[in-house]
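Lettering follows sequence order; numbering is per chain, from 1. Remember, it's a predicted structure, so these values are computed and weren't measured experimentally.
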There are 2 protein chains.
Amino acid sequence: MERNTRQREVIKQVFESEARPLNPLEILDLAKVSLSRVSVATVYRAIKELIEEKWLTPVKISGQPLYYERDRHHHHHHFYCESCCKVFEVEGCIPVKKLTPKGFSLESHDILLSGRCPACLKQ
Amino acid sequence: MERNTRQREVIKQVFESEARPLNPLEILDLAKVSLSRVSVATVYRAIKELIEEKWLTPVKISGQPLYYERDRHHHHHHFYCESCCKVFEVEGCIPVKKLTPKGFSLESHDILLSGRCPACLKQ
DNA sequence: ATAGATGCAAAGGGTTTGCACTTGA
DNA sequence: TCAAGTGCAAACCCTTTGCATCTAT
């Protein structure tokens, strides 16, 4: 990312204003609000470069496309709303080490909570 | 699944003998050992029907294709080997409820441990 | 001016589907 | 026999890539 183009500016704005993990299609749709012409390719290319810059980091949600969020270098987990498919950050963690089976070497872990988000519960 | 075809017999055998979650490609490759002609389509169709019969259940591993395992109706989690990409069952669980943010309704959770399996550690 | 970034469309992977052929009961 | 099941190839969906064009510097 060596140039500040309107497209990348808008893609970054989208992350700042949504403040939650987004998948490529969500990014594209949100970017289109401010930008008449954006292509998927640009979104994917911007994601790739923003990850290299450590501005974004991928969020793996079981059974879903990859989501991306601001890379704030802190350990946390996620909540996936089964109703609107939005992903939210979850603070805190719990020790999972004791679950590791004998003979296996644990390097990392992910905890994904699923259910309904406040907005969907209100409906 | 109204008929017992050689293909489906072999696909079920593969799950019994491997005793771990498998993805469609793994199933196909393992089935080809016993069967000269098997197509991906058959594997996918068999998976779909075995899920309806509750003989299989999907295992969602973030950022990976769907895996499937015998549906034994018991709560457990998984270990993903970053080296060989094999998935293993992990017994036990830990309470995650307290992580749920205020206003959200928790319906389920997944814990994925990642690292190296015994076979890969030996190499 | 010019290398980097974009849009479009084509190409890749993994999964699904249509259709004529095969096969289990 | 004959409908269910299969293989093959085409179709899909999501992601990546090639290339001519555009644009930030």
| Yes or no on salt bridge (Lys or Arg N to Asp or Glu O under 4.0 Å) for B:Lys86 and B:Glu26, after CA distance, side-chain angles and deciding distance? | CA-CA 9 Å; B:Lys86 284 183 185 166; B:Glu26 288 178 323; over 6 Å; no

For the residue pair B:His76 and B:His78, is the inter-centroid distance of their aromatic rings smaller than 6.0 Å? yes

Ring centers of B:Phe88, A:Phe104 separated by less than 6.0 Å: yes

Nearest-angstrom distance from the residue atom [atom1] of [X] to [atom2] of [N]:
{"X": "B:Glu49", "N": "C:dT17", "atom1": "CD", "atom2": "P", "value": "12 Å"}
{"X": "B:Glu52", "N": "D:dG5", "atom1": "CD", "atom2": "P", "value": "11 Å"}
{"X": "A:Ile47", "N": "C:dA5", "atom1": "CD1", "atom2": "P", "value": "16 Å"}
{"X": "A:Gln7", "N": "C:dG4", "atom1": "CD", "atom2": "P", "value": "17 Å"}
{"X": "B:Glu26", "N": "C:dG14", "atom1": "CD", "atom2": "P", "value": "12 Å"}
{"X": "B:Lys48", "N": "D:dT6", "atom1": "NZ", "atom2": "C1'", "value": "16 Å"}
{"X": "A:Arg8", "N": "D:dC22", "atom1": "CZ", "atom2": "P", "value": "19 Å"}
{"X": "B:Ile61", "N": "C:dG14", "atom1": "CD1", "atom2": "P", "value": "17 Å"}

Closest to the side chain of A:Thr5, out of C:dT6, D:dG7, C:dA25, is C:dT6

A:Ala41 has its side chain closest, among C:dT23, D:dT6, C:dC8, to C:dC8

Judged by nearest nucleotide, the residue sitting upstream toward the 5' end of DNA chain C, A:Thr42 or B:Leu25, is A:Thr42

Please figure out whether A:Ser39 or B:Pro24 has its closest DNA chain C nucleotide nearer the 5' end.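 Per heavy-atom nearest nucleotide, the more 5' residue is A:Ser39.
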
Would the base of C:dA25 count as contacting B:Arg3 through its side chain, where contact means a donor and an acceptor less than 3.5 Å apart?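 Side chain to base: no pair below 3.5 Å.
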
Handout entry: Test applied, side chain to side chain contact (heavy atoms under 4.5 Å, CB included); reference residue, A:Val10; option that passes from A:Arg8, A:Gln7, A:Arg6
Key =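 Answer to the side chain to side chain contact (heavy atoms under 4.5 Å, CB included) test with A:Val10 among A:Arg8, A:Gln7, A:Arg6: A:Arg6.
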
> Do B:His77 and A:His109 get their side chains close enough for a donor-acceptor pair, meaning under 3.5 Å?
Replying inline: no

Contact class for A:Arg45 vs. all strands (heavy atom < 4.0 Å): base, sugar-phosphate, or nothing? base

With sugar-phosphate meaning primed atoms plus P, OP1 and OP2, does A:Val40 contact a base, only sugar-phosphate, or nothing at under 4.0 Å between heavy atoms?
->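 Nothing: the residue A:Val40, judged by heavy atoms under 4.0 Å, touches no strand.
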
Both A:Arg6 and B:Arg37 contact DNA chain D. Taking the nearest nucleotide for each, which residue is further toward the 5' end?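 By nearest-heavy-atom nucleotide position, the 5'-most residue is B:Arg37.
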
